[in-house]
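What's counted below: heavy atoms across the whole structure, side chains too, no hydrogens, waters or symmetry copies. Bear in mind the structure is a predicted one, so any value in this text is a computation, not a measurement.
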Amino acid sequence: MPRDYKATCLLPKTAFPMKGDLFKREPQWLARWESTGLYERILARPVDGRFVFHDGPPYANGHMHYGHILNNALKDFVTRSRNLLGERTRFIPGWDCHGLPIELNVDREVKRKKENVSPTEMRVRCRDEAAKWVEVQRTERKRLGVLGTWETPYLTMNKAFEAQVIRALRAFVANEIVYRGKKPVQWCWHCRTALAEAEVEYADAHVSPSIYVKFALDAQSLETLRAKLPAGVTRVAALIWTTTPWTIPANLAIAVHPALDYVVLQGVDGEGLLVATSLAAAVAKAAGLTDLVVGPAFKGELLLGVKAKHPFEERWAEVFGADYVESGAGTGLVHTAPGHGRDDYKLGSAHGLEAYAPVGDDGRYTGELGDGAKAMGLEGKFIFDANPVVEQHLRSLGALLQPPGQTLTHKYPICWRCKNPLITRATTQWFIAMDEPMRAPGSDGHTLRARALSEIDRLAADGARAASEGTARGWVPSWGRERIRGMIEARPDWCISRQRIWGVPIPAVQHKATGEVVLTTELLDHVANVFAERGADAWYSDDPTVLPAEIRCADGVLRPREEFTRDGSIIDVWFESGSSFFAVCEPEPDLGAKVDLYLEGSDQHRGWFHSSLLVGCAVLGEAPYRAVLTHGFVCDDQGRPYSKSDIRRRQEARRDEITARITKGEALEGVLAAMKSTWATPEKIADAKKRLAKKTSLDDVALAIAQDDIEFIPPEKIIAEQGAELFRAWAVFVDYENDMPYSRAVLNQAIDAYRRVRNTMRFMLGALRDEPAPLLSEVVLEPLDRWAMVRLGEVLAKCERAYRQYSFREVFATVVDFCQELSGLYLDASKDWLYNDAADVPRRRSALATMQHLVRSLAAVVAPILPFSSEDVWDHLPAFEAKGDSVHLELWPTVTPLADGEALIVAMRRLRTLRDGVFAVLEPVVQGWGVEKQAAKKAGREPGAGEVSFSDDARIDHARDAAVSLEVSEADRAELGPLAPQVAELLGLGSIELVAGPIAGERVRRALGPSCERCWRRRGDVGGDGLCPRCRHAVEVFDRAAGAPA
RNA sequence: GGGCGCAUAGCUCAGUUGGUUAGAGCACGCGCUUGAUAAGCGCGGGGUCGCUAGUUCAAGUCUAGCUGCGCCCA
C-alpha cells in the first residue's frame, strides 16, 4: 500500500471561515469595539493630521431608509479612511429634532384623544416623540458599523444647540438684514404655517379650474388702441387666464410683456378681446369664434398704463410690463394678485401696490375682501370652495369667455407633510434679505447673495486646485457648483419664521402700547444665554427673566420688559440645521467652525448645503465647509427611486393595469407574458387561477403578482439576514455620484466581489497556517514575491489617492482586481512551494513573509469599507511584532520600494503574455480531452476505456501534465529577466521550451516520465520511491519532526 | 416649463489631453480541479458606446438638437 503523502504536505490551514455569517457575528464585533473603547483609542493615536467631518442631521422621524443607510455608509468610509491615513477624524452624529412632521404626529395624537394641551406641554410631547425616533435611528445607524460618539450625539433640541441658533440669528441681525415684511409665501392652510422651499412637494396630476376672464378697458385706454381695432369693435376687454379663480378678488393689476406682439381679437356684439398675437387663435377657439378676425398687431409696450375694470370690484387693474410673461400659454396678459404670487408681488411692489391677500391662516376669506366679493358671500368661505362661486358669478356678469367646466391637469405644489394643495399667500413674516448690504462691524458691505455666490466660486476654484494635486475639495462632483449657484442666484429672501410651536422661537417682542416689534442683538444675547442654561422651552414659560429687565426700542429708549409681549413664531428648521457647524463644531477646540467635508445627497444643494452656506456667510463671512460631496439616490433596476412608497405606487399601478386588462377580457397568460411578469410560467399561472377560483378577488391576485414583479427589499431585512457589511459592499460597488441601482441582482454582484476579497485573504491566511511568519527583513525575497511587493506598492498608492478623492469604489475595485491578479497567477504558482517544500526552505519562507505582509496590508486598506470582515481577518492573522488587537488601530500600510521594481513589472507582464500563448495552444488539447471525457461519463462509460479518440500520449487534464513548446523572440525572452529560470513552475507546466525560431513539431505534448506521488509534478527526476528529490527531503523533515521515522 | 446631472456588453463599472481591433468583473456557455471545494483555474460567445446632425485626416471622447431617467425648482 503506497504511502499517502497528503499529511506531509503543508496544505492551507486556518480557522478563518469561508462563510462570513456576518448577520450573526457583526453584533459581536460591535460589542467588542464598544467595550474596548475602539473609537477613543483610534482618536488617541499620535498622528499629525487632522480632518473635520460634520454629520448632516437626519430628521428624527421614522425608520432609516436606503438613502440614509447609504449616506451613513459613505460617511463611515470617510471617517475611517481619514483616520487610517493618519488624519484624526471625529464623527459626531446628529439629529434634526424640531419641526412640523413631529409636531403634526403629536398634534394628531392629541386631537385623537381630544386633549387640551398647553404649548409647554406640547413641546414636552414633541421632545419625547423626537427622542423616541433618535433612539430608533441610533440603533439602526450603529448597527451599520458606523464609528462615532453615539452616546453623545448632537441634537438640534439640545440647550446648547438652541442657544447657538439664537447666536447665529444674532449675526444676521447684527448685519441688519433681518426684517419683518408682508410677502407671499407658500402656505399650508391645513397645517396653518408657511413652508420653506424645501418643504414643498409637487403633485403630478392636480386638477384646477381653467378660466378666461375679461377686464373691460376704460374709455381713455380704448382711445389709445383706436387704430388697432378690427372693424365693428366698439369696446375692448383685456383677457386674462387663470387656474385660481379664488385669487380674482385679490387682483390688482395685469402684466404684459413689452416686447411681445398683441392684437385685438373680434369677439361678439362689438366686443374686442385683447390677447397676445401668438395666442389669438387658441383664444378664438376657446371662445367658440368661427372666424379669426384681428386688428393690426402692436407691441405690449403700447399697453403700459392702460386701465381695466375689475369684473366685480370698484377698482381698476393697471397694465404693467413684466418679462416673465410668456407667449406660449394663456393670453399673454397675466392676472396679477400681489398678495398671492411671487412674481405678482415683485411686480406689485415695483409699482407701489400692497401685498393684498384677503385670506386667513385657515384658507378662508377674511373681512379684507372688497365689497363685490362680500356681496357674493365669499367672506369666511374656504378658497377652494370659492372657485365655482367666483366662476359662476363671473359668468353671470358676462366676464367669462368659455363654456363651464374647463379644467387643467398640471403639477401643483402640495405640503410635504399633509399633502394638501398649497396656496401662495402674503403674510407677515420674518425675512433675511438676500440683497441688502451686510453692515456688521468687520463685514465688507456685500449682500448675502453676493457673498454666497463668491464663496461658491471660491470653493470651485479651490476644488480645481485640489484636483490637480490628486485630492478633492470644493464641489464634488464639480457640477455641484452650477447647481447651488443657480439656486442661490434665483432664491427669494429667506422667510425664516413659522407659526408653529415645536422649534426655536424667534425671540422678538412687541411693545404692547405702540405695537413696535423689537429684535435686537442685545435681546438675542440675553435670550441665547437663557436658552443655553434652560433651553428654548423657557420662552414659553411665564418667567419674566427670559427677557432682559429693560428692552431698547428703535427710539433708543429702554423700557421695562413688562411692557412687551413675546412673539409666537419659531425659526425655520433649515436655519437650525444650517447653523449646525456653529453649534457643533465651532465650540469644540479641536474642530473649529471650518469643516473639511459635508457629505449628503444632491437634494441638499437646496437644503442643508444651501442654508449652511447662508448662515456661514453671515456668521463667519465665508462658507463653513471646504468640500461638499454629494451622492445620488437609490434606484431600482429601471432607474426609478427605490423607496417603500415609490415601490408601492408602482406595484399598485401594475396591479391596476393587470386588473384593467383582464376585466377588458384579455387572457391572464397573455397579459402576464406581455408584461414579462415573473408569473408568466405555466405553474404560476395555474396558481393564480386557483386563487381566483377560491374567490380571492382579482385585485388581490393582481397585487400579489405585482409585488413579486416589483419587489421591495426592506433594508433592515438584508441587514438582519445577511449582514450590514454586504450592504456596505453594495454601497462601495455602485457609483454614488450618480443614481445607484439596487436590486437583488446588483446586491449579489457586490457580494460576489466581497467574497473574492474574503477568499483571497482566506487563502493567504491558510498558507500562513496559524503560525508566525518570517519577517520581510529575515528573508531574501524571491523574484515572484518581489513582484508581489511591487504590485502591492502600486495598489497602495492607487488606493491612497482614491481614498483622498473619496473614490471608494476605485479603492474596492483596485483591491478586487489585485485579488484576482494574485489568485490567477501569483498564489496559484506559489502553491507548489507552499504545499510541497519543507517548512524551512528559503523560497517558501519568502512566500510566507510576503503573504503575511499582503494580508496585513490589504486588511488595513479595506478596513474602512469592510470593518467587520477586515477585523475577522485580523483576528486570524498570526501574531507578529506590534500587532494591535484591532485592524482599525492600524495606520496606512507601507512597502519598501525595490530598485528592480520596474523590471519585475515588465517581467511579469511578459510572463503573462507568455501564459496567454501557452493556454491558447494548451486549451484546445485539454478541452478536447475534457469533452470526450464528459461524453464518455454521460454515456456511462469510464473515460479512456478504449472508446474515446484520445491516445494515452495525448491525454492532458491539467497544465502540469503538459510539455509545451513556444515561439519566443530573444527580446521577449530577455524581458523575463529574473523570472526566466522559473517559467515552467510559474505557469504550472510540466515543462516549457522557449524556442527562438519556428517550431517544427507539436507545440503541446504530454510531459514525459512519472509524476511525483507527493507533488504530482512530472519533472523527470522522480526516483524509485515515487518521489522527487524535493519531496523526498520534505518527507524526511516531516518525519523527523513527527519523531516517527518511516 | 426651467436649472443641474446621467445614458458604454444582460448587470455593475473602466475608458487619461480626440488617435490601432472599446476593456474589466459578474452573469451565461464549454472544460479543468482529490491539494482554496457553499471555493479556485482556463477558454469562449456577447457592444451601431441612447438617437440624429455637425466639427475633424480621425469622435465613446468635442458641439448642437432630440429621446429616456434622476434630483431640484416653477
Side-chain angles (χ1 to χ4, degrees), chain A residues 4-6 9-14 16-19 197-198 200-202 324 326 328-329 342-343 410-413 477-487 489-491 601-607 610 630-635 637-641 730 733-735 737-743 745-753 755-756 758-767 809-810 812-814 816-817 819-820 823-825 827-828 831-832 834-836 915-916 918-920 922-934 956-961 988 1014-1016:
Chain A
D4 178 14
Y5 289 108
K6 184 169 174 175
C9 294
L10 299 170
L11 298 179
K13 189 180 98 183
T14 176
F16 182 81
M18 182 176 284
K19 239 182 101 186
E197 284 77 31
V200 178
E201 285 182 12
Y202 288 84
Y324 58 78
E326 290 179 316
R342 192 185 286 171
D343 286 339
H410 57 155
K411 272 189 164 183
Y412 192 86
S478 59
W479 49 257
R481 169 188 183 254
E482 316 305 328
R483 199 168 151 87
I484 195 166
R485 203 169 206 292
M487 293 173 181
E489 267 173 347
R491 69 155 300 143
S602 61
D603 54 338
Q604 297 303 327
H605 282 118
R606 174 152 298 265
H610 186 119
T630 57
H631 57 77
F633 291 78
V634 182
C635 291
D637 43 13
Q638 315 283 324
R640 311 286 166 120
W730 168 80
F733 185 71
V734 293
D735 175 17
E737 283 193 7
N738 290 314
D739 291 335
M740 290 152 288
Y742 184 85
S743 66
V746 178
L747 187 65
N748 284 339
Q749 277 189 58
I751 293 173
D752 276 333
R755 280 215 201 96
R756 157 64 66 176
R758 182 177 183 93
N759 278 321
T760 304
M761 303 265 229
R762 179 169 184 267
F763 177 81
M764 291 194 280
L765 287 175
R809 194 196 137 75
E810 193 185 343
F812 192 59
T814 301
V816 172
D817 283 353
C819 285
Q820 203 96 25
S823 280
L825 221 161
L827 296 178
D828 222 35
K831 284 174 188 172
D832 184 33
L834 283 173
Y835 297 174
N836 302 316
R915 188 180 67 152
D916 290 345
V918 167
F919 279 118
L922 187 58
E923 182 64 18
V925 179
V926 174
Q927 176 111 212
W929 163 233
V931 171
E932 293 266 353
K933 201 163 72 170
Q934 291 297 323
I956 299 174
D957 290 354
H958 196 279
R960 79 170 88 90
D961 294 328
R1014 184 164 171 274
C1015 71
W1016 306 332

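Here B:rU37 presents its P atom at 14 Å from CZ of A:Arg756, a figure rounded to the nearest Å. Atom CH2 of A:Trp929 and atom P of B:rC32 are 9 Å apart (whole Å). One can place CZ of A:Arg809 at 10 Å from C1' of B:rA24, the figure rounded to the nearest angstrom. In this structure, A:Lys13 places its NZ atom 24 Å from P of B:rA39, rounding to the nearest Å. Remark: P of B:rU12 and CD1 of A:Ile751 are 16 Å apart, rounded to the nearest angstrom. What separates CG of A:Asp637 from P of B:rC69 is a distance of 15 Å, to the nearest Å. For the pair A:Phe919 CZ and B:rG44 P, the interatomic distance rounds to 12 Å; values are reported in whole Å. At whole-Å resolution of the value, NE2 in A:His631 and P in B:rC71 are 14 Å apart.
At the heavy-atom level, A:Gln927 lies under 4.0 Å from base atoms of the strands shown. Using a 4.0 Å heavy-atom distance criterion, A:Gly486 is classed as making no nucleic acid contact. As judged by a 4.0 angstrom heavy-atom cut-off over every strand, A:Arg485 is placed among residues making no nucleic acid contact. Nucleic acid contact class of A:Gln820 (heavy atoms, under 4.0 Å, all strands): sugar-phosphate only. Among the protein residues, A:Ser823 comes within range of the nucleic acid bases, having at least one heavy atom under 4.0 Å from a base atom. At the heavy-atom level, A:Pro924 lies nowhere under 4.0 Å from the strands shown. Counting non-hydrogen atoms under 4.0 angstrom, A:Pro641 reaches the backbone sugars and phosphates but no base.
The C1' atoms of B:rG60 and B:rA9 are separated by 14 Å, rounded to the nearest whole Å. For the P atoms, the distance from B:rU17 to B:rU61 is 14 Å, rounded to whole Å. Taking the C1' atoms as reference points, B:rC26 lies 31 Å from B:rG18, given to the whole Å. When the P atom is compared between B:rA7 and B:rU12, the two are found 12 Å apart, to the nearest whole Å. B:rG47 and B:rC11 are spaced 13 Å apart, taking the P atom of each and rounding to whole Å. Atom name P, nucleotides B:rG45 and B:rA24: the rounded distance is 12 Å, in whole Å. When the P atom is used for both B:rG1 and B:rU8, the distance is 25 Å, rounded to whole Å.
Each of A:Val931 and A:Asp752 has a nearest nucleotide on RNA chain B; the 5'-most of these lies closest to A:Asp752. Comparing A:Arg1014 and A:Glu737 along RNA chain B, the residue whose closest nucleotide (by nearest heavy atom) sits nearer the 5' end is A:Glu737.
An OP1 or OP2 oxygen of B:rU33 is reached within less than 4.0 angstrom by no side-chain nitrogen or oxygen of A:Arg960. Listed pair A:Tyr835 / B:rA36 meets the phosphate criterion, a side-chain N or O lying under 4.0 Å from OP1 or OP2. Between A:Lys19 and B:rA39, a side-chain N or O to OP1/OP2 separation shorter than 4.0 Å is absent. Look at A:Arg483 and you won't find any side-chain N or O under 4.0 angstrom from OP1 or OP2 of B:rC6. In terms of phosphate contacts, A:Lys6 brings no side-chain nitrogen or oxygen within less than 4.0 Å of OP1 or OP2 of B:rU34. For the pair A:Gln934 and B:rC32, the criterion of a side-chain N or O lying under 4.0 Å from OP1 or OP2 is met.
Of the candidate nucleotides B:rC30, B:rG35, B:rA36, B:rG35 has the atom lying nearest to any side-chain atom of A:Asn836. Side-chain proximity of A:Leu11 to B:rC43, B:rA39, B:rG35: nearest is B:rG35. The nucleotide whose nearest atom lies closest to any side-chain atom of A:Trp479 is, among B:rC32, B:rG25, B:rC4, B:rC4. Comparing B:rC73, B:rG35, B:rC32 against the side chain of A:His958 picks out B:rC32 as the nearest. With B:rC43, B:rA36, B:rG5 as the choices, the nucleotide that has an atom nearest any side-chain atom of A:Pro12 turns out to be B:rA36. Considering only the side chain of A:Met18, B:rU37 comes nearest among B:rG70, B:rC30, B:rU37. Side-chain proximity of A:Asn759 to the nucleotides B:rA39, B:rC43, B:rC69 is greatest for B:rA39.
Side-chain contact between A:Ser823 and A:Asp828 is absent, with no heavy atoms from C-beta onward closer than 4.5 Å.
Between the side chain of A:Arg915 and the backbone N or O of A:Leu825, no donor-acceptor pair lies under 3.5 Å. In this structure, A:Arg755 contributes its side chain and A:Met18 its backbone to no donor-acceptor pair below 3.5 Å. A distance-only check finds no donor-acceptor pair linking the side chain of A:Arg756 to the backbone of A:Gln820 [under 3.5 Å]. When atom types are taken as modelled, the side chain of A:His631 and the backbone of A:Glu737 share no donor-acceptor pair closer than 3.5 angstrom.
Residue-to-nucleotide contacts include a donor-acceptor pair under 3.5 Å from the side chain of A:Gln749 to the base of B:rG25.
The pair A:Asp603-A:Arg606 fails the salt-bridge criterion, with no side-chain N (NZ, NE, NH1 or NH2) lying under 4.0 Å from an Asp/Glu carboxylate O.
Residues A:Lys933 and A:Asp957 come closest through the heavy atom pair NZ-OD2, 3.8 Å. Nearest heavy atoms, A:Asn836 versus A:Arg1014: O-NH1, 2.8 Å.
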